[in-house]
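Comments concern the structure below.
Within every chain, numbering begins at 1; the chains are lettered A, B, ... in the order of the sequence lines, protein sequences first and strands thereafter. Remember, it's a predicted structure, so these values are computed and weren't measured experimentally. Computation of the quantities below employed the complete heavy-atom set of this structure, encompassing side-chain atoms and omitting hydrogens, waters and symmetry-equivalent molecules.
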There are 2 protein chains.
Amino acid sequence: MTTLQQVALRAGCSLATASRALNRNGAVSDLMVRKVRRAAAELGYRPAVPAGGKLGRRPVIGVLIPSITNPVFASSLSSIQNRMLVAGHGVLIAQSDYDPAREADAVASLLNDQPTGLILTVCNPASSAALLPSLPPTVLLNNMPTSLFPAAVTADNHGAGRELTEMLIDLGHRRILFVSGNFAASDRAQHRYEGYRETMAGHGLSPIRAMEIPFVGVYDQLDLSAALTAFSPTAIIASNDLLALGVIGALRREGLSVPGDVSVAGFDGIAIGRLMDPPLTTIEMPDASMGAAAASLLLDMAENAAPARHLSVAHMLRRGGTVRAI
Amino acid sequence: MTTLQQVALRAGCSLATASRALNRNGAVSDLMVRKVRRAAAELGYRPAVPAGGKLGRRPVIGVLIPSITNPVFASSLSSIQNRMLVAGHGVLIAQSDYDPAREADAVASLLNDQPTGLILTVCNPASSAALLPSLPPTVLLNNMPTSLFPAAVTADNHGAGRELTEMLIDLGHRRILFVSGNFAASDRAQHRYEGYRETMAGHGLSPIRAMEIPFVGVYDQLDLSAALTAFSPTAIIASNDLLALGVIGALRREGLSVPGDVSVAGFDGIAIGRLMDPPLTTIEMPDASMGAAAASLLLDMAENAAPARHLSVAHMLRRGGTVRAI
DNA sequence: CTGAAAGCGCTTACAG
DNA sequence: CTGAAAGCGCTTACAG
């Protein structure tokens, strides 16, 4: 490891001057700046972290999401990063892959970087409390707050589930199937399903037990034949848009048209959904604003000791073309 | 800011003992460990970085990509993160938004975190050299190496452009339009276009000047009417899959069917393309492997002083249903 | 098991 | 414009 002292020696100046030359703060002659920079380059000097709480590395925050390749989380991650850039914080990432064990490891790794704070989207905020040995200020994103994690930014997934189901029932649908990702890995899917159940029951209809699909990234091999035979649904709600796209593909492989034979709707409002033909009917969640809100809340807590809050953001039904009246 | 000294004071021990209690290294009585940990918790103590090059934060690397929400980059970022987790390195992210000015800022920010190394996907590796005041070990991802950045992991974009064009010509297409993202922001698009030009010319066909589309995230407002009138293309090559999806939507809005009236093909092989109906014809780039390869190369350079290398990975034509013979 | 003290690599008044 | 020196918060032999 090369030290500044060695650089100074090679440049023929003192430690102090070398420090000033490299950091461009104190007054140093141009000649000396050049000498020092050259010496530093030749020696491959990389500054170590000075003590004293001064300067050193930029503060960082840690972000845990299930998967970077899911557009929903990519979108919030992107806006978190933009917000943190302005605030002068670095952003470290970790992925759980929807696996509680990996989730705990991932958070532990983030902690090794001594982050100013954490933004977490966890599998289950209650059980994730096991992590808690003195976490820095933490904001949940997309998970409901708990007593241990009182700061959170969420959408009303329960209400969104009700709204979508209500719309389908209004359009005359009665046999509505709910296809979901793994509930254990997503309390969002759970809340959406709850909204569906409630609304079905409220209309005197019997909710169908959710069909749970293990997460596989992109659902290009989904097989719905058994469920179609068993329930003959006229509409299918998918617990997220990625899954909805997979459902549409699966229906087409069964020779069914969307929305001709079966209506399909999802949640999230991923951008790609607008490019499909017909465009996907979905409940749009403002992922980017949610990410930015979580980032701002975290900064407020970490820098101004602001109290933990729960922000709930509004969603919006986006009528595409994959749903029709019966 | 709370210091270890204050914690020690409150716990009723010396600085040294407090340090040992918190780090669980030297021998400390259980009672004292408890006292110190409690004092630390009460004071909200967060360790500062000790000098001396010892311990401190986990080493980190920095990753710069144009945009996290682009599935291509999300995919490589994800695999970089997975590779680095195993190696015990944190991953910091930065986005350029395809803007050279923001790119420079973003790299400067990353440097503030004193990363062990950098993985960069830049707009233009030649002009980006302006960044170079003593960068740590750096690997380009998706950019061709230069003398200043000799380490790189790339696909053969030029060859991919040739291959796709060749296929369309084989299928009888003659008027082939190339629709591209902003060339200034992507040398990948440039190389793909070059492959197209060469192949067209090689077959005695006149390449059409590329239609450049400014980047807008998701292309749901693309207007191709002028180009369609001017060139009556029977096939359109898009410089990437996201754009290809936009092109297909635009054609449909013009009342044209794909591939009935116009064939469309893209590059990248994003997962969503497989879910479309018909599935997108594209040249698949192994983004995840490329990310992992870049990560491994960087670690090798940073930890073992391995020499810079250029790895070129193989692509693969994925025949979807958006192209047909004429 | 505990503490006094040296030392880590760096920054920054202070003096020239 | 430059240097000697104090000091940053922490770790770690060394001595008890």
| field | P-based separation of dC14(C) from dC10(C) [nearest Å] | value |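 So the two P atoms sit 24 Å from each other.
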
| field | Pairwise C1' distance, dT12(D) and dG16(D) [rounded to whole Å] | value |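 16 Å, rounded to whole Å.
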
| field | Exercise: identify the closest heavy-atom pair between A152(A) and M144(A) | value |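 Here A152(A) and M144(A) meet closest at CB-C, 4.5 Å.
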
Checking the side chain of [X] only, and the main-chain atoms of [Y] only, is there a donor and an acceptor separated by less than 3.5 Å?
X       : Y       : value
N70(B)  : V72(B)  : yes
S186(B) : N182(B) : no
T116(B) : V60(B)  : yes

Whole angstrom is fine here: how far is it from [atom1] in [X] over to [atom2] in [N]?
X      : N      : atom1 : atom2 : result
L43(A) : dG9(C) : CG    : P     : 14 Å
L15(B) : dG9(D) : CG    : P     : 10 Å
Q5(A)  : dG7(C) : CD    : P     : 15 Å
R20(B) : dC1(C) : CZ    : P     : 11 Å
L31(B) : dC1(C) : CG    : C1'   : 11 Å

Given [options], identify the nucleotide with an atom nearest to the side chain of [X].
X      : options                   : value
L4(A)  : dT12(D), dT12(C), dC10(C) : dC10(C)
S29(B) : dG9(D), dG3(D), dT2(C)    : dT2(C)
A16(A) : dA5(D), dC1(D), dA4(C)    : dA5(D)
Y45(B) : dT12(C), dC10(D), dA4(C)  : dC10(D)

Can you tell me if [X] touches the phosphate of [N], counting only side-chain N or O atoms and a distance under 4.0 Å to OP1 or OP2?
X      : N       : result
S19(B) : dT11(D) : yes
T3(A)  : dC10(C) : yes
T17(A) : dG3(D)  : yes

| task | Please name the residue in the list L77(B), L92(B), V139(B) that meets the side-chain contact (heavy atoms from CB on, under 4.5 Å) test with V63(B). | result |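 Single pass found, and it is L77(B).
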
| task | Find the partner of dG3(D): check Watson-Crick (N1-N3 plus N6-O4 or O6-N4) and G-U wobble (N1-O2, O6-N3) distances, both under 3.5 Å, and reply none if neither fits. | result |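 dG3(D) is paired with dC14(C).
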
